[in-house]
Amino acid sequence: MKLHRRQILAGAAGLAALAPSLGQAQTRWQMATPYADGNFHTRNVRGFIEDIQKGSNGQLTVQLHSNGSLLRMPEIKRGVQTGQVQVGEILLTAYANEDPLFDADALPQLVVNYAQAKRLADLQRPFIEARLARQGLSLLYMVPWPPAGLYSQEPVTSLEQLRGQRFRTFSPMTNRFAQLIGAQPTLVQAAELAQAFATGVVQAQITSAATGVDTQSWDYAKVFTPLGFSMTKNAVFISRRALQGLSEPQQQMIRAAAEAAEKRGYEVSEAAAKETEATLGQRGMRVLQPTPRLLEDLTRVGRTMADEWVERAGEDGKKLLEAYRASA
């Protein structure tokens, strides 16, 4: 699936209306994302960049460094803070060691569809904005990943089967999940997945079908079980100093481009969920629906993790979770 060019151009046309009042000084920014060029998040980012370049009549250009080519995931937020790049994209939950509020969407079974993902994101946004602001960053937009599922070598009908297995983790929440089910947590970035499975460093993982397609999971796993385990979000943010260095019309144009990117991102994410899961099956993986026992196990572990998360997140976490559950 690719972003339709008319989608991008339509957004850019609206933004171009602001262009006559923009300043004439040429500005060139750098942006880092850890995801591959073919990933739907990266394609959406390219649409966002095209929008702001067209909206500025070429006075503002952004060079994208994808697939961790300039900065790896753990380095991106610091890279924006220090001015190494002006814009960055991260998986929020990967930074949960800094603040548990980044991790709310990673709670197992809390969010299982796009309507729920949007509701949680809207409630979570003020907390994320406040935390990034304290670090000299401004949130631009957030887009969820498709629902995460289980990759394994054999059909898994209960979590007990994963006990003792080397389980790939990529965030504090996935690390804690592995601990609670008796697996051996092993931190592996997406770009290193194929080699990790091939060498036996990991034997199973929970992630989206989109990541499975990006990493050609049919080469290293035999079974995909869609669980609706979580729908974690990517956040795109900018150096506040870089943003405030622009004229007010330019800042407004970037905010408008970000709003369009978030809306488009939900649409392409939902399309990617269907297309990438189908691709896994077409490439020879067995796509098996979860058993009632497996879902019961996940719900039980999810309750434990939610209770632990509220303790770590404090009053803000409690308010967020209560507001989300009350809005159901």
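Please read these numbers as outputs of a predicted model, since none were measured by experiment. Computation of the quantities below employed the complete heavy-atom set of this structure, encompassing side-chain atoms and omitting hydrogens, waters and symmetry-equivalent molecules.
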Check whether [X] and [Y] end up in the same hydrophobic cluster, where Ile, Leu, Val, Met, Phe, Trp and Tyr are linked by side-chain heavy atoms less than 4.5 Å apart.
| X | Y | value |
| --- | --- | --- |
| Y266 | L140 | no |
| F167 | Y220 | no |
| L162 | V301 | yes |
| M173 | F102 | no |
| F224 | M231 | no |

Side chain to side chain contact (heavy atoms under 4.5 Å, CB included) assessment of V213 paired with W218: CA-CA 8 Å; V213 170; W218 46 86; 4.3 Å; yes
Once rounded to the nearest 0.5 Å, what's the spacing between atom [atom1] of [X] and atom [atom2] of [Y]?
| X | Y | atom1 | atom2 | result |
| --- | --- | --- | --- | --- |
| L295 | T299 | CG | OG1 | 6.5 Å |
| I238 | Y141 | CD1 | OH | 11.5 Å |
| T33 | R46 | OG1 | CZ | 9.5 Å |
| T93 | L107 | OG1 | CG | 8.5 Å |
| R325 | L120 | CZ | CG | 11.0 Å |
| D99 | F127 | CG | CZ | 10.5 Å |

Polar side chain donor-acceptor pair, Q179 to R176, under 3.5 angstrom: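 The criterion, which ignores hydrogens and geometry beyond distance, is satisfied for R176 and Q179.
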Between T207 and Y151, a side-chain donor and acceptor under 3.5 Å: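 No.
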SB check [X] [Y] (cutoff 4.0 Å):
| X | Y | result |
| --- | --- | --- |
| K263 | E267 | yes |
| E98 | R131 | no |
| R125 | D122 | no |

Nearest heavy-atom pair of [X] and [Y]: which atoms, and what distance?
| X | Y | result |
| --- | --- | --- |
| E154 | V223 | C-CG2, 3.9 Å |
| Q63 | R28 | OE1-NH2, 3.1 Å |
| A104 | W309 | CB-CZ2, 3.6 Å |

K233 and S269: CA distance, side-chain angles, deciding distance, side chain to side chain contact (heavy atoms under 4.5 Å, CB included) verdict: CA-CA 11 Å; K233 292 186 291 294; S269 178; over 6 Å; no
side-chain hydrogen bond (donor to acceptor under 3.5 Å, both in side chains) against Q244, all qualifying residues, sequence neighbours excluded: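 side-chain hydrogen bond (donor to acceptor under 3.5 Å, both in side chains) check on Q244 returns nothing, list empty.
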Steps toward side chain to side chain contact (heavy atoms under 4.5 Å, CB included) verdict (Q205, L150): CA-CA 6 Å; Q205 67 166 340; L150 175 66; over 6 Å; no
Taking atom [atom1] as the centre, does [X] end up with more than 12 heavy-atom neighbours from other residues, nucleotides or ligands that are less than 6.0 angstrom away?
| X | atom1 | answer |
| --- | --- | --- |
| Q195 | CD | no |
| R293 | CZ | no |
| R241 | CZ | no |

Note, S208 side chain near T276 side chain (heavy atom, < 4.5 Å):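 Answer no - side chains too far apart.
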pair V143-F40: side-chain heavy atoms closer than 4.5 Å: yes
Qualifying residue, where the test is side chain to side chain contact (heavy atoms under 4.5 Å, CB included) with L246 and the options are Q251, M253, Q252: Q251
Evaluation steps, side chain to side chain contact (heavy atoms under 4.5 Å, CB included), between M73 and I90: CA-CA 6 Å; M73 170 85 80; I90 61 169; 4.1 Å; yes
Residue among N234, T211, T232 satisfying side chain to side chain donor-acceptor pair (under 3.5 Å) with W145: N234
Plane angle bin for F229 and F177 - parallel if under 30°, tilted between 30 and 60°, otherwise perpendicular: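 Judged by the thresholds at 30° and 60°, the geometry between F177 and F229 is perpendicular.
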